Amino acid sequence: FEENCLIIRMIVVSDEAVEEQSSNLTFTLSAVSSPADRRNISAEPGQSVTLPCQHPDNYTLIAVEWSRTDLGDKYVLLYRDQQMDKSYQEPSFSDRVDLQDRLMEDGGVSLVLQDVRTYDTGTYECRVVHSGLSEAKLNNGPICTIHLDVAPPPP
């Protein structure tokens, strides 16, 4: 891959597709991303942080996936069918993450991460599937990219 490419995931929404692809929930594509799309947030261990993200369109959101670029096929949070899907969630995030607003009113898909730890440092990406996407556009890029830096306060 060229250095200006990143990995994009496809969120599998239908249960039939999950059955057919149970061992391969995601696949990779390349896409160009600009550095302007990236936000930085700092936190101290033990704090709760919100990674802000807003979907700009007025479509009904079907699924939301938050991932971290170094986790491979695991994800931080997957919300679909009006519930959390923990099938491929990275275990270190279990019971520590949630959407700020599960109703996703006005396109709000911010991630709340509780009790942050130094190993939570990394680049987080949010992807959505919404009613306005045709099947050909399901593998869209992230709508938000946030770098979280968790470090103890200076002495």
Side-chain angles (χ1 to χ4, degrees), residues 1-13 18 24-130 133 138-155:
F1 290 43
E2 296 176 324
E3 60 185 58
N4 64 343
C5 291
L6 61 107
I7 294 182
I8 296 182
R9 298 173 183 239
M10 180 181 110
I11 302 171
V12 179
V13 177
V18 170
N24 190 12
L25 182 61
T26 60
F27 63 92
T28 60
L29 300 171
S30 63
V32 177
S33 176
S34 73
D37 297 334
R38 187 170 163 162
R39 297 176 72 176
N40 295 308
I41 294 180
S42 297
E44 295 176 8
Q47 290 181 328
S48 290
V49 296
T50 299
L51 306 184
C53 189
Q54 184 80 23
H55 189 268
D57 298 322
N58 289 326
Y59 295 110
T60 300
L61 296 177
I62 298 167
V64 176
E65 180 196 68
W66 277 92
S67 60
R68 199 171 75 195
T69 56
D70 63 338
L71 292 180
D73 289 344
K74 301 276 186 190
Y75 53 79
V76 174
L77 175 142
L78 177 60
Y79 187 80
R80 65 180 184 150
D81 300 327
Q82 300 178 348
Q83 61 187 355
M84 295 293 180
D85 181 343
K86 296 186 176 191
S87 312
Y88 291 89
Q89 184 180 36
E90 168 60 39
S92 67
F93 291 104
S94 182
D95 300 321
R96 294 194 309 128
V97 293
D98 203 349
L99 290 176
Q100 188 173 36
D101 176 9
R102 285 193 184 187
L103 297 177
M104 299 176 282
E105 293 177 331
D106 301 320
V109 290
S110 299
L111 176 76
V112 177
L113 175 56
Q114 299 174 2
D115 189 23
V116 296
R117 300 159 187 171
T118 54
Y119 59 79
D120 290 330
T121 294
T123 301
Y124 292 76
E125 297 175 333
C126 178
R127 290 176 176 75
V128 298
V129 174
H130 59 74
L133 284 176
L138 282 177
N139 46 2
N140 59 333
I143 61 169
C144 299
T145 301
I146 298 174
H147 182 77
L148 174 64
D149 183 32
V150 182

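Note that the structure is a prediction, hence the values are computed from the model and not measured.
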Query raised in the report: Side-chain contact, heavy-atom cut-off 4.5 Å: L78 with Q89?
Result: no

Between side-chain atoms of residues 43-50 and protein atoms elsewhere (two or more places apart, or another chain), which donor-acceptor pairs fall under 3.5 Å?
unit_1	atom_1	unit_2	atom_2	d
Q47	OE1	E44	N	2.8

Query raised in the report: So T121 and H147, side chain to side chain contact (heavy atoms under 4.5 Å, CB included) or not? Walk me through it.
Result: CA-CA 8 Å; T121 294; H147 182 77; 4.3 Å; yes

Query raised in the report: Under 4.5 Å between any side-chain heavy atoms of W66 and V97, yes or no?
Result: no

Query raised in the report: Atom CG of D98 and atom OG of S110: how far apart are they, to the nearest 0.5 Å?
Result: 11.5 Å

Report task. To the nearest 0.5 angstrom, please state how far the CG atom of L103 sits from the CG atom of L61. Result -> 11.5 Å

**Report entry** Y88 backbone acceptor or donor facing Y75 side chain under 3.5 Å
**Finding:** yes

Requested in this report: Looking only at non-hydrogen atoms, find the nearest pair between A63 and R80 and report the distance.
Outcome: CB-CB, 3.8 Å

Query raised in the report: Any idea which heavy atoms bring G122 and R68 closest together, and the distance?
Result: CA-CD, 4.0 Å

Query - Close side-chain approach of K86 to D95, heavy-atom, < 4.5 Å - result: yes

Query raised in the report: Do the cysteine sulfurs of C144 and C53 sit under 2.5 angstrom from one another?
Result: yes

Report task. Report the distance from atom NZ of K74 to atom OG of S87, rounding to the nearest 0.5 Å. Result -> 10.0 Å

Query raised in the report: With side chains defined as the heavy atoms from C-beta onward, is the minimum distance between C126 and V64 less than 4.5 Å?
Result: yes

Query - Non-hydrogen side-chain atoms of F93 and L113 separated by less than 4.5 Å - result: yes

Query raised in the report: Can you find a heavy atom in the side chain of R102 that is under 4.5 Å from one in the side chain of M84?
Result: yes

For residues 148-155, which side-chain N or O atoms pair as donor and acceptor with protein atoms under 3.5 Å away, sequence neighbours left out?
none

Query - Straight-line distance of L99 CG to D101 CG, nearest 0.5 Å - result: 8.0 Å

Query raised in the report: Do I41 and P52 have side chains that get closer than 4.5 Å, going by heavy atoms?
Result: yes

Query raised in the report: Charged N to carboxylate O under 4.0 angstrom, D115 versus R96?
Result: no

Requested in this report: With rounding to the nearest 0.5 Å, note down the distance linking CG in L111 to CD in Q100.
Outcome: 9.5 Å

Report summary line: Of all heavy-atom pairs linking H55 and V128, the shortest is CD2-CG2, 3.1 Å

Query raised in the report: Do V109 and Y79 have side chains that get closer than 4.5 Å, going by heavy atoms?
Result: no

